[in-house]
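Notes follow the structure.
Here is the naming used below: chain letters follow the sequence lines, and residue numbers restart at 1 for every chain.
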Amino acid sequence: MSDPIVTIIWAAIIAIGIAAYVVMDGFDLGIGILFPHLNVGPERDMAMNSIAPVWDGNETWLVLGGGGLLAAFPLAYAVILPALYAPLIAMLLGLIFRGVAFEFRWRDPGHRRFWDFGFFAGSLIATLAQGITLGALLQGIEVQDRAYAGGWWDWLTPFSLLCGAGLVVGYRLLGACWLVMKTTGTLHVKARRFAKWLTPFTLFMIGAVSLATPYVEEQYFTRWFEWPGLAVTIPMPLLVLGAAYMLWRDLESGYDYRPFVWALGLFLLSMIGLGISMWPDVVPGSISIYEAAAPRESQIFMLVGAVILVPVILGYTAWAYWVFRGKVDETGYH
Amino acid sequence: MAETELALLLARMQFAFTVSFHFIFPSFTIGLASYLAVLEGLWLKTGNDVYLRLFKYWLKIFSLVFGMGVVSGIVMSYQFGTNWAIFSDRAGPIIGPLMAYEVLTAFFLEAGFLGVMMFGMDKVGKKLHFTATVMVAIGTAISAFWILSVNSWMQTPTGFTTNEVGQYVVDGGWWDVVFNPSFPYRLVHTVIAAYLTTALVVGGVGAWHLLKGRDLPGVKKMFSMAMWMAAIVAPIQIFAGDMHGLNTLEHQPMKIAAMEGHFESYERAAPLILFGIPDSEEEEVHYQVAIPGLGSLILRHDIDAGLDGLDTVAREDRPPVGIVFWSFRIMVGLGFLMAGLGLLSLLARWRGKLYDWRWLHRFALAMSPAGFVAVIAGWITTEVGRQPWVVYGHMRTSEAVSAIDAPAVGTSLLAFVVIYFAVFGAGTLYILKLMSKPPAHSDSELGDMPVRAAGITPAAGLELEDGNPSPDQEEGAT
C-alpha cells in the first residue's frame, strides 16, 4: 500500500523536478525559438555558446520527470503518456533535432543553415508540444480500468493550443532574458528589445490561460472562486503583475541579471497556480496522487536515494554553471 | 482482432528500432569515456603531449556520439509509457525506482561534468578537468549498471510479489530485485562488449591512417593501445559469454534451445548445430551441420548429458527460433574474429611489425564496425529470446502494450525511421569526417600555422584545434 506522507513528498519532488526542467530547459528552448531573429554569424554563435555547456544537464530534468513519474506514480505515467501520444512523440522528435544541432552546426559549415533551422524548428515543436501536453492534462483525460480510454485526438482543443502558444511566448521571454544576462554587443541589445516586447505578451498569455482554466473543469472553478481558494485568487494576479512590472523596469534600467530572475519568478508563480488547480490530482478529475502512488516500498527505496543525491546534483550543477559564469564571446568555448 | 495484432507488431517494431539505434551510441561512449580518462590520466602522469592530442582528437568524436546518445535516450524514457502503458503500470513499482536511480546517479553526473570536460580545460585547471573526465566515465558505467539491472529483471525476475491491483511489488528486499540471477553476467558481458566496440573503432581508425602511410606518433599510439585491448579483452569476453550462456540455460532454457536450434529434447549427447536453416513450422533445422555431443559438452560440461528442447513447452510459449538462431551465430562469429585480430596483433608485435603489417591493418579496418554489429546481434538474441514474455514467465508482451490504434503507431514508427536515419546518418558522416583526419602531431599544427606533413590532407592543417571554423570559413558558409 502507498503511504500518504511519502506520496506527498514524491509529488513535491516531481513538481520541483518539472519546475527545474521548465526554468532551465525553458531558456535554452526559448533561444532556439528566437534563433531566426539572430543574425547568421557571431550573434548565433554567441547565443549557442551561452547554452552549449549546460543544455544537456537541463534536459536531464525532463528524463527525471519521466523516470520519477514512472517510479513514484506508475499509474499516472501509464495513463498520461498514451493519452498524449502525438504531442509527446512530436516533442521527442523535436528534441532530437535541436539536441544534435549543438554539435552538427560546427561540424558542417556548408549545412549550418539547415541545422540552425533544425535547432529553431525542433525547439518550437518541443515547446508547443509541452504546452499542449499541459493543456490536455488540465482539461482532463478519460480513464477506464487503469488505462487511457479516449481517442488519439482528444488532446487537440482550443484550450490545449492556447497553452502551447502561451508556453512558446513564455520560453521566448526566458531565452531573451538569458541572452541579456550572458551576452554582449548587438546580440545583447537585440535581446533586451525582444525581452521588452515579450513581457506584455507573456503577461497576456498568462492572463488568457488563467481565465480559461476555471471554465475547462468545474473543479477548477470551485477551487479558485470559492473559499479558501479565493484567498489565493485575489493576491495571485497582483503578484504576477508586480513581477512583470519589475521585469519591465529592470530591462529599462539596463540591468543584466535581474530581468532573468524576474522572468523565472513569473514562471514560478504560474506553476504555483497550476499546482493549486490540480492538487491533489495527478490526472485532473480522474486520478489522485494517492490512487496513482506506487507501493510504499518503492517510494521509500527511491526517497532514500533522492534525499542524498538531489542536493549533490544541485551542488555540482551549480558548480558547472559557476565555471561558465559571466558573459560569453562569440568564439566561446566550443 | 487483426487490428490489435497489427498495433502490437508496430509497437514492437518501434521499440526494437529505437532501442537498437540508441544502443549503438552508449556501446561506444561507455568505452570511449574510459579511454578518454585513461588518455588524460597518462598525459598528466607522463607529460607526453601525444596523449593530450589523442585526448582532444577523441573528445570531439565523443561529444558527437554522446549528443546522439542523449537525444535517442530521452525517447526511450518516454516510450515505456507511450507504447507499453500496461507494462509501465504493472512493472513500474519495480523497474521505475531502478530507472530513477539511473537518472539520479548517472545521467546528472554525466551531464553535469560533460560541459566542463568539453569546454572547461582552461577554466578549471588540469586536475579538476581530469576529475570531470573521470566523473563522465564513471557516469556511463553507473548508467549501464542500472539499465542492465532493469533489463535483467525482465529476463530473470526475482524478489517480488503481485499486489491487489496486479502490480509487481518488491518482496524480500531490493537486493534480490537489483541483483537478480542474470544481472552480474549480463553486466559483465555488456560492459566488456562496449570496451571491445570502442577498441575496434579506435584500432580501425589507427589502421586506416597507417594504411594511408601516416605513421604519426598519435596514430601508432592509438593503434597499439587498441590492439592490446582486443588481444586481452576479446578472450575474456568469450569466457564471459560462455558463463552468461550457462546462466541463461539455468533460468531461460527455451532461449538457449532457440539459440542452438534444438527443437527436440535430447536424452543424452545433444549435438552442437553449427549451421542450418531453422524451420519453426516443421520443427527442424534443415541442412544442418552438427557435431554430435558437443552441445552437451559446452552447455552441461558433460558429453553424455541430456538437454531440453523447444518441444518441452507449448508452441505459444516458444521464442521465434530463426532470428535468435542467426543473431546468436553472428555475435559468436564476430567474437572469435575479434579474438583472432587480437592474436594476430600479438604476433605482429612480437615480430616487431605492428605498424608495418598491412594485412593486419586491413583486418583491423574491416573489423572496426564489428563491435556494433555484435552488440546489436547479442541484444537481439537476448531480447527476442525472451519472447513471448516481456517479464519472463509472468507477463506476455501482448498483454503489455498500450491501447493505441495501429495507424497512430504506424505514423510514429515511420517518423522515427525517417528522422533517425536522416539525423543519425548525418551524425555518422560527421564522425567519419573527423576520423578521416589523423590526430595532430605537433604543436605548430594545432596553432594557426598549417604544417603540411607527408601524407596529411591539406584540410587537416586548416581546421583550428578546437573545431571552431576560422573566421574566413565562416564567411564562406554564410
Which answer fits B:Ile404, side chain, backbone, both or neither, if we ask what part of it has an atom under 4.5 Å from a heavy atom of chain A?
side chain
Establish, yes or no, whether a centroid distance under 6.0 Å links the rings of A:Phe35 and A:Phe117.
no
Closest approach of B:Met117 to B:His129 (non-hydrogen atoms, all atoms of both residues):
O-NE2, 2.8 Å
For chain B, the option from A:Asn58, A:Leu64, A:Val79 that forms the most heavy-atom pairs under 4.5 Å
A:Leu64
Segment of A:Ile313 engaging chain B (4.5 angstrom heavy-atom cut-off)
side chain
Of B:Phe416, B:Phe21, B:Tyr430, the one forming a ring pair (Phe, Tyr, Trp, His ring centres under 6.0 Å) with B:Phe424 is B:Phe21
Begin from the C-alpha positions of A:Phe102 and A:Asp56 and carry the test side-chain contact (heavy atoms from CB on, under 4.5 Å) through to its verdict.
CA-CA 10 Å; A:Phe102 283 95; A:Asp56 182 20; over 6 Å; no
Counting heavy-atom pairs closer than 4.5 Å to chain B, which one of A:Thr317, A:Leu75, A:Leu84 comes out on top?
A:Leu75
Distance alone, cut at 3.5 Å: any donor-acceptor contact between the side chains of B:Asn83 and A:Tyr85?
yes
Residue part contacting chain B, namely of A:Val312, when any heavy atom lies under 4.5 Å
neither
What about the rings of B:Tyr420 and B:Phe17, do their centers lie closer together than 6.0 Å?
yes
Shortest non-hydrogen contact from B:Met68 to B:Thr428?
CE-N, 4.5 Å
Heavy-atom pairs under 4.5 Å with chain A: which of B:Gly67, B:Gly112, B:Ala408 has the most?
B:Ala408
Using a cut-off of under 4.5 Å for heavy-atom pairs, which of B:Val124, B:Asp171, B:Leu128, B:Leu109 has the most such pairs with chain A?
B:Leu109
Where does A:Val54 contact chain B at under 4.5 Å (heavy atoms): side chain, backbone, both or neither?
neither
So how far is it from B:Leu434 CG to B:Ser63 OG, rounded to the nearest 0.5 Å?
8.0 Å
Interface check, chain A: of B:Val170, B:Leu64, B:Val70, most non-hydrogen pairs under 4.5 Å belong to B:Leu64
In terms of heavy-atom pairs under 4.5 Å with chain A, which of B:Gly96, B:Gly92, B:Pro97 leads?
B:Pro97
If every non-hydrogen atom of A:Gly66 is compared with every non-hydrogen atom of B:Tyr78, which pair is closest and at what distance?
N-OH, 3.5 Å
Name the region of A:Ala292, side chain, backbone, both or neither, that has any atom closer than 4.5 Å to a heavy atom of chain B.
neither
So which of B:Ile86, B:Val409, B:Asp122, B:Thr411 has the biggest tally of heavy-atom pairs under 4.5 Å with chain A?
B:Val409
Return the option, out of A:Phe73, A:Trp319, A:Trp55, with the maximum number of heavy-atom pairs under 4.5 Å with chain B.
A:Trp319
Could you go through the side-chain contact (heavy atoms from CB on, under 4.5 Å) check for B:Phe15 and B:Met76 one step at a time?
CA-CA 8 Å; B:Phe15 198 88; B:Met76 300 318 303; 3.6 Å; yes
Do you know the tightest heavy-atom contact between A:Phe104 and B:Val423?
CE2-O, 3.4 Å
Given heavy-atom pairs under 4.5 angstrom as the criterion, report whether the side chain, backbone, both or neither of A:Leu88 touches chain B.
side chain
Checking heavy atoms, do the side chain of B:Leu114, its backbone, both or neither come under 4.5 Å from chain A?
side chain
Engaged part of A:Trp115 at the chain B interface, taking heavy atoms whose separation is under 4.5 Å
side chain
In short, A:Thr7 meets A:Ala293 closest at the heavy-atom pair OG1-CB, 3.5 Å
Looking only at heavy atoms, what is the nearest atom pair of A:Gly57 and B:Phe108, with distance?
O-CE2, 4.2 Å
In terms of heavy-atom proximity below 4.5 Å to chain A, should B:Ser402 be classed as side chain, backbone, both, or neither?
side chain
Is the centre of the B:Phe179 ring less than 6.0 Å from the centre of the B:Trp175 ring?
yes
Region of B:Phe87 that comes under 4.5 Å of a non-hydrogen atom in chain A:
neither
For B:Leu429, is it the side chain, the backbone, both, or neither that has a heavy atom closer than 4.5 Å to a heavy atom of chain A?
neither
List in chain and number order the residues that pass ring pair (Phe, Tyr, Trp, His ring centres under 6.0 Å) with B:Trp146, two or more places apart in sequence or in another chain; answer none if no residue qualifies.
B:Tyr101
Under 4.5 Å from any heavy atom of chain B, what part of A:Phe97 do you find: side chain, backbone, both or neither?
side chain
Side chain, backbone, both or neither: which part of A:Leu309 has a heavy atom under 4.5 Å from chain B?
side chain
Options A:Val100, A:Leu95, A:Asp108, ranked by heavy-atom pairs under 4.5 Å with chain B, top entry
A:Asp108
Where on A:Ile89 is there a heavy atom nearer than 4.5 Å to chain B: the side chain, the backbone, both, or neither?
side chain
Who wins among B:Ser72, B:Gly427, B:Pro93, B:Ala100 for the most heavy-atom pairs under 4.5 Å with chain A?
B:Pro93
Looking at A:Leu69, A:Leu93, A:Ile80, which makes the most heavy-atom pairs under 4.5 Å with chain B?
A:Leu93
